[in-house]
Amino acid sequence: MDTTFREVSADPRTASVPLSHLSLEIGHLYMDDFAAGPARLREQFARVKPWADAARAACTAPAGRRPRISTCFLIDDYFTRFSSPAEVVPQLIAEAEACGLTIDYLARESACAETDGCHPARLVESRLVESPPPGTNGSRPPTTATGWLSNGERSPGLDHLLAEAMGGDTGWRPPRETEARRHSVFLDVELWDEQHGRRTWSCPYLAAVWQLLRLGLLRDRGQEVLHPADRPETFPHSWDALPPLVRLNPHADPFAAYRTFSVLASRFLPIEHAVKIVLEQWAPEEPVLAQLAERAGQEGVPLPDDVIARVGYVFHGQP
Amino acid sequence: MRPDKPGEGPAVLLGEVRTGLLQHSVELPLSATDRLLGLRHGERVRSSQRPNVQAHSPDLLTGVDCALATGSHRSVRGVGTVTARAVLTEGRVLQASVRARLAAAEGAQRLPWSHYLARPGTVEVIGRAEAPALADGHLTAGPGATLDLGAIAERMLTGIQGGGGLDRRAPFRSRRIRLRWTAVRADLAGEAPGGRLTVEDDTLRTLRLTLDRIDPAEVTAFCEDLALHDWLLSTLGRLIERSGLGSDPGPGPVLKLRPAVNHLMHLWMPGARVARPLAPLWDGLETRPGFSRQWAAAVQRVRDHLALQAVGLHAQPVRKD
Amino acid sequence: MLVFATSDKGGTGRSVTSANIAYRRALLGDDVCYLDFDFGSPTSAAVFDVPSALRGVDQAGLHSYLRGNVAEPKRVNVWSESDSASLRNRPSGSGQLVLVPGDRGGGEFVTGGDAVRRCTELFLRLEEEFDIILVDLSAGRSYAAEMVLEATSRPELAEVVTRWLVFHRWTRQHIIAASGLVYGDRGIMAAGAARGHDEDTLRDSVRFVRAAVPDPSSPMFTQLRPAQAAWLRACHEDLTRLASQHRLGQTLVLGTVPLDPVLQWQEQLITDDDVLASRVANTETAEAFAALAVALTHDRAWESPL
Ligand SMILES: Nc1ncnc2c1ncn2[C@@H]1O[C@H](COP(=O)(O)OP(=O)(O)O)[C@@H](O)[C@H]1O
Ligand SMILES: [Mg+2]
């Protein structure tokens, strides 16, 4: 005879979330774009449309299956507050439709920082594991610069120069990209700053959080982080009253997906370079990673282990 | 090393456990361990209350890219992440436990970092080295440029002991004790399964395990359990030695032994959390050197002394004024 | 308990006296750790007579640790590594006596936030294990002193009892200098307050130790002419007055160590062998060290004089 014993607190479960094959981002909206009027919006959607179609065409589902693809659109309400959902959202929907695009999900950028009781940005921060420069054997703590993340080794700071003053080894050293092929493209990303004790996350950092939300990789104490709300009857007059993630299209495929694809204006290139640096040093939760791998396996969709390989882009020129 | 075959489990596991007394005047209640061991936002502290109260922090990762010792002067390069967690038993004994599984790298170059983050707790070995040599290298490496799991454990302990929430008034002074361990698959080691525990000095022990199959979580839990009991035994021994029991006839020893009675004696529960396939390892250690035998003798000695003192005190003539 | 030994000038007897206090505490049964933070001139290895530390610590000493070159600084077990026969055998009932030496030729420059963090971690780490952690700082307003003031102002060390011993010789110059080191410009009080230390608490944690004080009544001075003896006494009274004017009067003195012939010639620990067997050192010196060792944790000695 065999008995089993289990304590839930010792072995907690990890929730799984519904998944599409592809999460297709068809734009970001900043105040400037909106201020420039509806014609500007239409122009942008018109530019996105052919690339969005291409992304759909490239998204392969297993033979005989319809690919599940959801589209999303992010509005900046974190750095600047402008207008109101009641005015902006219907316009957005209309202009997208006029160009033959459907916005399935609408998200507020501030939701990447904080949504009722949950802090996605902090969840991401707590799982950053910095890429070690060669020679890192664990004996020293990682040389973190608080609030920054880079893709290599920084130039030594003043402290270091002072400390070494007696050791003879002085002088400036250039920064170095750890994965450089001979020559470096060194980038140091500011993740946040603080004023009067209040932390403001940087735009590229929130963009990285946005990618991870779309990839269905974030959990808060094992639970789903951002659950889409149904489209309200009418859109509210303040951004705070709008749910952080709204399903505009009731027939949409799930928000999160195995892979993401973003069609962005080329001015976002530096931001997305920074996103790459964050994502490359972000350690996914093992059970979540395993969950996704298992489901992809069951569906017969190829899914790369590396998180960064699940993220794709098109950058288009401006008018 | 050859690449792992599916279902075979890793070829080599390296680890180090450092064990010390929680720097707090009383046992930390389970409700407070969430804060103490919640080392990562958004992840739960795991706790269980049977057969004793134990809580585990989330696993933290540290990136490494350094030489791995091979026991000879030749070393190979290891790139990847090592896993560290903290374990608190009965709100009293704090351990930092660090481990890495070694796997053969596919190429001769370091890969993009996200590759390693997709394999948490794995260090990929670039270069030719056999599994037993890497295990020996870990056990015998001195301080230097090679992989230093101990330093990661040490920092973790120091971070927790110095973080908020503890009053730092521990009931007695004690040493941290290190257990450096390896597990090698028996077919690669060319040996029958078994273990070899060595007391290297006052504060260092090494353990070399040879196993048919290596389950990293189970092996780590076994090593933590062994480290805990070795620490208990060493610490009680030291308290007895320093109490003057056997040389000081006065009340000194009783006072000095009180913390041991209050804080250590009930913690002895060897093998309670050890997975079945590893249970024979504990049985072996109970035969030689006989952990529980020695513990029982020490405990008996303390109890006898306390009993005698109590008798002695009562036997003293009562002064009448 | 953390004990910081400091002095305004070099050559006051700080290192020798504090090493002897450490030794006496260990004899009393405490686990004692002695840290040589005198980065300019680490001498503790000589006092404890541990040649291994004199030779060996080229890499893993305190400087290397504070710079982050090694994860932990080297420790020397005095009972087993000392060359001195009377230290070699750990007396029964004694506690650990561990020396953490500085690097040879380590220099004075160890600054910056990382060094303070490592210093804090080291104190925390040692406090788990040792009853007394005695830190020999360098003379004057040094980086070492600033670093430990910074470290002890951190919340991590808030619960750890911290005491300061200020050593000085018994001369006008030394008395004025010691007072300046504690109460003067950029002194311990000012530097501590600037780092967020509570001034009253910090002031109450400071005591003075008078080192190498000539005692006119001791046998060393039996040859004095009456006029010389009278002059010495007058001097002593003047100095006593001066000391209390400068806020290092009797209530703030933890102890006084007489001038000793052995120590005048050699920096060393005064063991009971030196006093009883070979009788080269004075009993009074050994007694003074023992009394200091007891006073270090004697509540009465640390009551606020106010
Ligand atoms: N009580 C004493 N009597 C005589 N000489 C002493 C006494 N204490 C210390 N000395 C001597 O004074 C000199 C300076 O002592 P040291 O401890 O090195 O001072 P510091 O550490 O303040 O520079 C040494 O030669 C030492 O032996
Ligand atoms: Mg000195």
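Order of the sequence lines sets the chain letters (A, B, ...), proteins ahead of strands, with each chain counted from 1.
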Student: Would you find more than 12 non-hydrogen atoms of other residues, nucleotides or ligands less than 6.0 Å from A/R198 atom CZ?
Tutor: no
Student: Report the C-alpha distance between B/H115 and A/D305 in whole Å, list the side-chain angles of each, state the deciding distance to 0.1 Å, and finish with yes or no for side chain to side chain contact (heavy atoms under 4.5 Å, CB included).
Tutor: CA-CA 7 Å; B/H115 167 84; A/D305 292 338; over 6 Å; no
Student: Please classify the contact of B/E154 with chain A as side chain, backbone, both or neither, using a heavy-atom distance under 4.5 Å.
Tutor: neither
Student: Between B/D65 and A/P134, which heavy-atom pair has the shortest distance, and what is it?
Tutor: OD2-CA, 3.4 Å
Student: Does any N or O in the side chain of A/E286 come within less than 3.5 Å of the main-chain N or O of B/P120, such that one atom is a donor and the other an acceptor?
Tutor: no
Student: So for B/T146, is it side chain, backbone, both, or neither that comes closer than 4.5 Å to the heavy atoms of chain A?
Tutor: backbone
Student: Examine whether an atom of A/E130 lies under 4.5 Å from a heavy atom of chain B, and if so say whether it belongs to the side chain, the backbone or both; otherwise answer neither.
Tutor: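 Only the backbone of A/E130 comes within 4.5 Å of chain B.
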Student: Let me confirm one number: the CD1-OG distance from A/I308 to B/S114, rounded to the nearest 0.5 Å.
Tutor: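 Nearest 0.5 Å value for the CD1-OG distance: 6.5 Å.
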Student: Among B/D148, B/T62, B/L147, which has the most heavy-atom pairs under 4.5 Å with chain A?
Tutor: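 Among B/D148, B/T62, B/L147, the one with the most close pairs to chain A is B/D148.
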Student: Taking B/R46's backbone N and O only, do any of them form a donor-acceptor pair with A/S9's side chain (distance below 3.5 Å, no angle check)?
Tutor: no
Student: Examine whether an atom of A/L123 lies under 4.5 Å from a heavy atom of chain B, and if so say whether it belongs to the side chain, the backbone or both; otherwise answer neither.
Tutor: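 Both backbone and side chain.
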Student: So which heavy atom on A/A283 is nearest to which on B/L61, and how close?
Tutor: CB-CD1, 3.8 Å
Student: Whether A/R127 and B/E43 form a salt bridge (side-chain N of Lys/Arg under 4.0 Å from carboxylate O of Asp/Glu) is what I want to check.
Tutor: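 Yes.
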Student: Quick one, B/C66 and A/T136 - any side-chain contact, counting heavy atoms below 4.5 Å?
Tutor: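 They are not in contact (no side-chain heavy atoms under 4.5 Å apart), so the answer is no.
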Student: Considering only heavy atoms from C-beta outward, does the side chain of A/E7 approach that of B/S47 to under 4.5 Å?
Tutor: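 No, every pair of side-chain atoms sits at 4.5 Å or beyond.
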Student: Please step through side chain to side chain contact (heavy atoms under 4.5 Å, CB included) for the pair B/H41 and A/H119, ending with a clear verdict.
Tutor: CA-CA 9 Å; B/H41 178 78; A/H119 301 258; 4.2 Å; yes
Student: Chain A heavy atoms under 4.5 Å from B/L39: which part of the residue, side chain, backbone, both or neither?
Tutor: neither
Student: Should A/V129 and B/W113 count as side-chain neighbours, where that means a heavy-atom distance under 4.5 Å?
Tutor: yes
Student: Would you say CZ of B/R128 has more than 12 non-hydrogen atoms from neighbouring residues, nucleotides or ligands within 6.0 angstrom?
Tutor: no
Student: To the nearest 0.5 Å, tell me how far A/E179 CD sits from B/Q109 CD.
Tutor: 11.5 Å
Student: Taking every heavy-atom pair that is under 4.5 Å apart, which of B/G144, B/G121, B/A118, B/A67 has the most such pairs with chain A?
Tutor: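 Ranked by heavy-atom pairs under 4.5 Å with chain A, first place is B/A118.
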Student: Does CD belonging to A/Q195 count more than 12 external heavy atoms closer than 6.0 Å?
Tutor: no
Student: Measuring heavy-atom distances to chain B, does A/P141 have an atom under 4.5 Å in its side chain, in its backbone, in both, or in neither?
Tutor: both
Student: Of the backbone (N, CA, C, O) and the side chain (C-beta and beyond), which part of B/R77 lies under 4.5 Å from a heavy atom of chain A, both, or neither?
Tutor: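 Looking at B/R77, just its side chain touches chain A.
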Student: Identify which part of B/V98 has an atom lying under 4.5 Å from any heavy atom of chain A, answering side chain, backbone, both or neither.
Tutor: neither
Student: B/R44 side chain to A/R221 main-chain N or O, any donor-acceptor pair under 3.5 Å?
Tutor: yes
Student: Is the shortest side-chain heavy-atom distance between A/E285 and B/P58 below 4.5 Å?
Tutor: no
Student: Hey, what do you get for CG (A/N137) to CG (B/L149), rounding to the nearest 0.5 Å?
Tutor: 9.5 Å
Student: Assess the residue pair B/R155 and A/S139 against the criterion (side chain to side chain donor-acceptor pair (under 3.5 Å)); give the C-alpha distance rounded to whole Å, side-chain angles, the decisive distance to 0.1 Å, and a yes or no.
Tutor: CA-CA 9 Å; B/R155 265 201 307 283; A/S139 65; over 6 Å; no
